[in-house]
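Throughout, residue positions are numbered sequentially from 1 according to the sequence presented.
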Amino acid sequence: MDEQFQMLFDNMKMEIKNQTIELTETITKTIMSRLEEKLKPITEENRLLKTKLENMQEEMDHLKWEKRSKNIVIFGLKEVENSTSELLMKVKEVFQHDARIVIEEYDVNNLYRIGKANRNDKPRPILFSFELIAFTFLGIKCADSELIMFESLVHSRVNLQQDNLP
């Protein structure tokens with residue numbers, strides 16, 4: 001009789017264990033399906049926001065490029081000028097002599113040195129913004145001087161240009 005109770009007890013124990021496992025699996029599946037249902041709209045919204053962000057980034061890069069497309073940055077021109085008009089005259093002279101390009105005053109939208117004035121020998125770069133003509137200098141080194149002129153590129157275009165260099 002003792003053995004029968006033990007067997008009955010073991011059988012009940014196994015049955016309870018099986019029911020517990022089955023119940024746990026059912027509850028887990030139910031909870032997971034409910035979570036998935038609640039996460040679907042959030043996942044979709046996240047995907048849409050990522051797409052919008054990528055589009056905005058492309059638009060922002062395009063606007064930056066458009067703004068900078070008429071700009072060049074000139075490196076290596078010594079700082080001896082006392083005013084913007086003197087700087088303009090010097091830059092016009094350099095363009096005419098070294099790059100063999102004639103610049104008229106009505107071609108210039110803006111011209112200034114970038115950064116704070118420093119006392120060491122290294123001259124600050126010059127940002128040269130054209131009014132109507134978009135000169136694009138892709139790394140031109142002037143023949144008879146230490147000057148280098150670059151298109152004022154947006155960061156993404158710098159990477160793109162560096163990837164396409166020989």
Side-chain angles (χ1 to χ4, degrees), residues 1-77 79 84 87 91 99 101 107-142 146-166:
M1 184 89 172
D2 220 16
E3 275 182 32
Q4 285 182 346
F5 278 123
Q6 184 64 33
M7 267 177 78
L8 181 65
F9 181 71
D10 286 343
N11 283 341
M12 286 176 64
K13 195 173 172 183
M14 285 298 286
E15 185 66 31
I16 289 174
K17 185 177 180 181
N18 287 338
Q19 285 179 359
T20 303
I21 291 173
E22 190 177 304
L23 188 62
T24 303
E25 288 176 357
T26 306
I27 289 172
T28 303
K29 286 180 183 177
T30 305
I31 290 173
M32 290 302 290
S33 68
R34 286 183 182 170
L35 281 175
E36 285 176 6
E37 287 176 22
K38 290 183 178 185
L39 281 177
K40 271 185 181 179
I42 294 171
T43 305
E44 180 64 22
E45 182 181 10
N46 188 11
R47 187 185 64 76
L48 289 172
L49 287 172
K50 283 181 180 180
T51 304
K52 281 184 180 180
L53 180 64
E54 288 172 2
N55 291 340
M56 296 278 233
Q57 185 67 42
E58 287 175 14
E59 185 178 344
M60 187 173 72
D61 284 348
H62 177 73
L63 290 172
K64 282 182 180 179
W65 174 81
E66 199 173 272
K67 178 183 173 194
R68 293 180 176 191
S69 66
K70 296 179 183 179
N71 294 351
I72 62 167
V73 180
I74 304 170
F75 296 91
L77 189 62
E79 291 191 52
T84 306
L87 179 62
V91 169
I101 298 172
D107 291 331
V108 179
N109 181 29
N110 204 352
L111 177 72
Y112 58 91
R113 292 225 180 239
I114 301 172
K116 292 181 180 178
N118 49 20
R119 293 209 160 91
N120 59 14
D121 292 338
K122 186 177 177 184
R124 295 177 292 161
I126 300 167
L127 182 79
F128 193 160
S129 179
F130 294 95
E131 186 66 43
L132 300 173
I133 305 168
F135 290 98
T136 53
F137 294 91
L138 300 175
I140 295 174
K141 184 172 186 340
C142 296
E146 296 293 316
L147 294 180
I148 301 175
M149 295 180 235
F150 286 101
E151 179 182 9
S152 180
L153 296 174
V154 178
H155 185 68
S156 61
R157 290 208 25 155
V158 170
N159 294 337
L160 198 133
Q161 186 172 330
Q162 287 173 349
D163 292 343
N164 293 328
L165 288 177

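- Residue N71 forms a side chain to side chain contact (heavy atoms under 4.5 Å, CB included) with just one option from N109, L127, N110, and that option is L127.
- Atom OG1 of T51 is separated from atom CG of N46 by 9.5 Å, given to the nearest 0.5 angstrom.
- Annotation: the span from E15 atom CD to L8 atom CG amounts to 11.5 Å, rounded to 0.5 Å.
- In summary, of the residues considered (I31, T24, T30), a side chain to side chain contact (heavy atoms under 4.5 Å, CB included) with T28 occurs for T24 alone.
- Taking both residues in full, the closest heavy atoms of R113 and L87 are given as NH2-CD1, 4.0 Å, listed atom of the first, atom of the second, then distance.
- Nearest approach of I74 to F128, heavy atoms of both residues: CD1-CD1, 4.0 Å.
- A distance of 9.0 Å separates CD in Q6 from CD in E3, rounded to the nearest 0.5 Å.
- L23 contributes atom CG, which lies 12.5 Å from atom CG of N18 (distance to the nearest 0.5 angstrom).
- Note on E37 versus R34: no salt bridge recorded, every NZ/NE/NH1/NH2 to OD/OE distance being 4.0 Å or above.
- Considering every non-hydrogen atom in both L77 and P123, the closest pair reads O-CB, 3.2 Å.
- With rounding to the nearest 0.5 Å, the separation of CE in M14 from NZ in K17 is 6.0 Å.
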Notebook entry, point to check: When you look at E36 and K40, which way does the side-chain contact (heavy atoms from CB on, under 4.5 Å) test go after all the steps?
Noted result: CA-CA 6 Å; E36 285 176 6; K40 271 185 181 179; 5.7 Å; no
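- Between the CZ atom of F75 and the NZ atom of K122 there is a distance of 8.5 Å, given to the nearest 0.5 Å.
- N55 has its side chain out of reach of E59: every pair of non-hydrogen atoms, C-beta onward, lies at least 4.5 Å apart.
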